[in-house]
Structures are given as C-alpha cells and as structure tokens.
Amino acid sequence: MRHLDIEKLNKVLRNKAPDEIIKWALNLSENRIVTTSFGKYSAILLSTMSKHDKHIKVIWCDTLYNEPSTYEHAAHLIENYNLNINKYQSLKSKEEIDITIGLPSLEDDNHAEFSEVVKLEPFRRALQEHQPDLWFTNIRVRQTELRNKKDILSYSKDGILKISPFYYWTDYDLDKYLEAHNLPKNHNYFDPIKALQNRECGIHLQ
C-alpha cells in the first residue's frame, strides 16, 4: 500500500462522506481489519463497517480494566451486528497484573510496563497474526497532538494503510449521528492507558 499518494488522495477524500471513503478503501484489498476499544462513539464506525463488510475482522484489545458498562456495550454491539470479533488481551491474568504491576497512574514508573502488558503487546500480536493491508480506525482530528498530524489516510510504522472515515467529524457531528440512527453511546468509557482524553493509548504510535 506504500505506493499510494496519500497526500493527493486525502485532498480528494476530504469532502467525501464516510460511506464513500469506506467503499473506495474496500476496493484496495480484502485483507483488512477494523479496531475498536468499544469506546464512546464505537457504535458509529462498527455499524457503518458492518454495513459494507459483514465479515471484516474486528480487533478488540481488551485491557481487562474496562468498566462493566463497556463490556455491556461491547456485548450489545457484537450481538446486534454479528461482529467478527478477534479479541486479544494480556498473556497475564488480571490478578497477576494487579499483584505485580497494579493499576498505575500516569506519574507512576510502572505505567509504561502496564501499557505494554495490557495493550501494546496484545495489539502487536494481533497485527502479527492478521498481517492486514488496511486498518480502519475511528481516530479524529483534535483528539490528541499526534492525531492532529494524521488525516483520513495515513500509514502505520509497518506500512499498513490506516483509514479514518470520520476523521474530520466533531463530537457534535457524532452525537447527531447517534441520535439520527438510534445508536448507543458508551458514556462511561475509560481507558486506563490513556487516562487523559488528550493522551494517546499507544496503538496509534505503532
């Protein structure tokens, strides 16, 4: 996928609707994934992707530290859209993590190790097993400093083409979409890796 002129393509796709962007991207390769943490607006990307490709591999790196409401939200979306879930989690049990690392704050020296164990290693394992050409994501501009430097199309460090169909949408836009399509919002989502809303969880540094 490295042969694509994404700078030029991003200008072409800038004013396209998410459905148009997805349809265009799906023609590039059948080897594709969509990632989710079942966060606040996850219903939007997952419902849209399932409409275009019912069998797309959905990669979920479960940190084991989600709120009960997030697991309920995930179960609802998985059942409702018959998602092809590929779930990854730490090779250590939650009990072992609690004892050896704990649930550290951002200032804690153990936070980097915690991030590696509960999210980064499982995600690298997912990419290694699936070797995708295309990676659909729900990152958006204004979320973090890193994401402000991305666009609808970007490349991972390994050369995977990342497609973010809702990249330029605001929270207001997404809330209106949820309302219009009667989709659920995960109000209580919390990522222990990010901890702060404007901080990266790590997988988009890959």
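Everything quoted here is computed from the prediction, not taken from an experiment.
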I'd like to know whether CG of Asn27 has more than 12 heavy-atom contacts from other residues, nucleotides or ligands below 6.0 angstrom. yes

Tell me whether the guanidinium CZ or amine NZ of Arg14 lies under 6.0 angstrom from the six-membered ring centre of Tyr168 and within 45° of its axis. yes

Working for side-chain contact (heavy atoms from CB on, under 4.5 Å), residues Asp19 and Lys51: CA-CA 9 Å; Asp19 281 306; Lys51 181 173 62 178; 3.2 Å; yes

Find out whether Phe38 and Leu46 are in side-chain contact, i.e. whether some heavy atom of one side chain is under 4.5 Å from a heavy atom of the other. yes

Find out whether Phe166 and Ile44 are in side-chain contact, i.e. whether some heavy atom of one side chain is under 4.5 Å from a heavy atom of the other. yes

Would you please test Glu129 and Tyr88 for side-chain contact (heavy atoms from CB on, under 4.5 Å) and show each step? CA-CA 11 Å; Glu129 289 183 14; Tyr88 291 82; 2.8 Å; yes

Short side-chain donor-acceptor distance under 3.5 Å, Thr170 and Asp173: yes

Whether the Ser42 and His73 side chains hold a donor-acceptor pair (N or O, under 3.5 Å, no angle test) is what I'd like checked. yes

Is it true that a side-chain atom of Asp108 and a backbone atom of Asn110 form a donor plus acceptor pair closer than 3.5 Å? yes

Thinking salt bridges, do Lys40 and Asp171 make one under a 4.0 Å N-O criterion? no

Taking CD in Gln131 as the centre, count heavy atoms belonging to other residues, nucleotides or ligands within less than 6.0 Å. Is the count above 12? yes

So does Asp98 pair up with Lys94, basic N to acidic O under 4.0 Å? yes

Can any side-chain N or O of Asp62 pair as donor or acceptor with the backbone N or O of Gln89 at less than 3.5 Å? no

Centroid separation Tyr177 to Trp169 less than 6.0 Å: yes

Check Phe190, Tyr189, Tyr71, Phe114 against Tyr65 for a ring-ring contact (aromatic ring centres under 6.0 Å, His included) and give me the one that passes. Phe114

Is the backbone N or O of Ile6 less than 3.5 Å from a side-chain atom of Asn10, with the two atoms forming a donor-acceptor pair by type? yes

For residues Ile85 and Val34: do they belong to one hydrophobic cluster (side chain heavy atoms under 4.5 Å, members Ile, Leu, Val, Met, Phe, Trp, Tyr)? yes

Begin with the C-alpha distance, continue with both residues' side-chain angles, and end with the deciding distance and a verdict on side-chain contact (heavy atoms from CB on, under 4.5 Å) for Leu127 and Ile33. CA-CA 9 Å; Leu127 290 185; Ile33 63 170; 4.0 Å; yes

Polar side-chain atom of Arg32 near backbone of Leu26 as donor-acceptor pair, under 3.5 Å: yes

Between Thr137 and Ser164, do the side chains contain an N or O donor and an N or O acceptor separated by less than 3.5 Å? yes

Would you say Thr36 and Val58 make side-chain contact, with heavy atoms under 4.5 Å? yes

Given the rule that I, L, V, M, F, W and Y join up when any side-chain heavy atoms are under 4.5 Å apart, are Ile21 and Val12 in one cluster? no

Answer yes or no: is there a donor N or O on one side and an acceptor on the other, between the side chain of Asn82 and the main chain of Lys54, under 3.5 Å? no

Do Leu28 and Ile163 have side-chain heavy atoms sitting under 4.5 Å apart? no

Would you call Leu9 and Trp24 a side-chain contact if the rule is heavy atoms closer than 4.5 Å? yes

Under a 4.5 Å cut-off applied to non-hydrogen side-chain atoms, are Trp60 and Leu83 in contact? no

I'd like to know if Arg124 pairs up with Glu116 as an ion pair, taking the criterion as any Lys NZ or Arg NE/NH1/NH2 lying under 4.0 Å from an Asp or Glu carboxylate oxygen. yes

Which pair of non-hydrogen atoms, one from His130 and one from Asn31, has the smallest distance, and what is that distance? O-OD1, 3.6 Å

May I have the step-by-step check of side-chain contact (heavy atoms from CB on, under 4.5 Å) for Tyr155 and Leu161, ending in yes or no? CA-CA 5 Å; Tyr155 283 115; Leu161 182 64; 3.9 Å; yes

Counting C-beta onward and ignoring hydrogens, is there a side-chain heavy-atom pair between Ser90 and Ile97 closer than 4.5 Å? yes

Side-chain (Asn86) to main-chain (Asn84) donor-acceptor, under 3.5 angstrom: yes

Is atom CD of Glu96 surrounded by more than 12 heavy atoms (other residues, nucleotides or ligands) closer than 6.0 Å? yes

When every non-hydrogen atom of Pro18 is compared with those of Pro165, the smallest separation belongs to CG-O, 3.6 Å

Rounded to the nearest 0.5 Å, what separation is found between the CD1 atom of Ile160 and the OG atom of Ser29? 11.0 Å

Strictly by modelled atom types, are Tyr41 and Asp175 linked by a side-chain donor-acceptor pair under 3.5 Å? yes

Min side-chain heavy-atom separation Leu91-Arg125 under 4.5 Å: yes

Does Ser154 use its side chain to pair, donor to acceptor, with the backbone of Asp151 at less than 3.5 Å? no

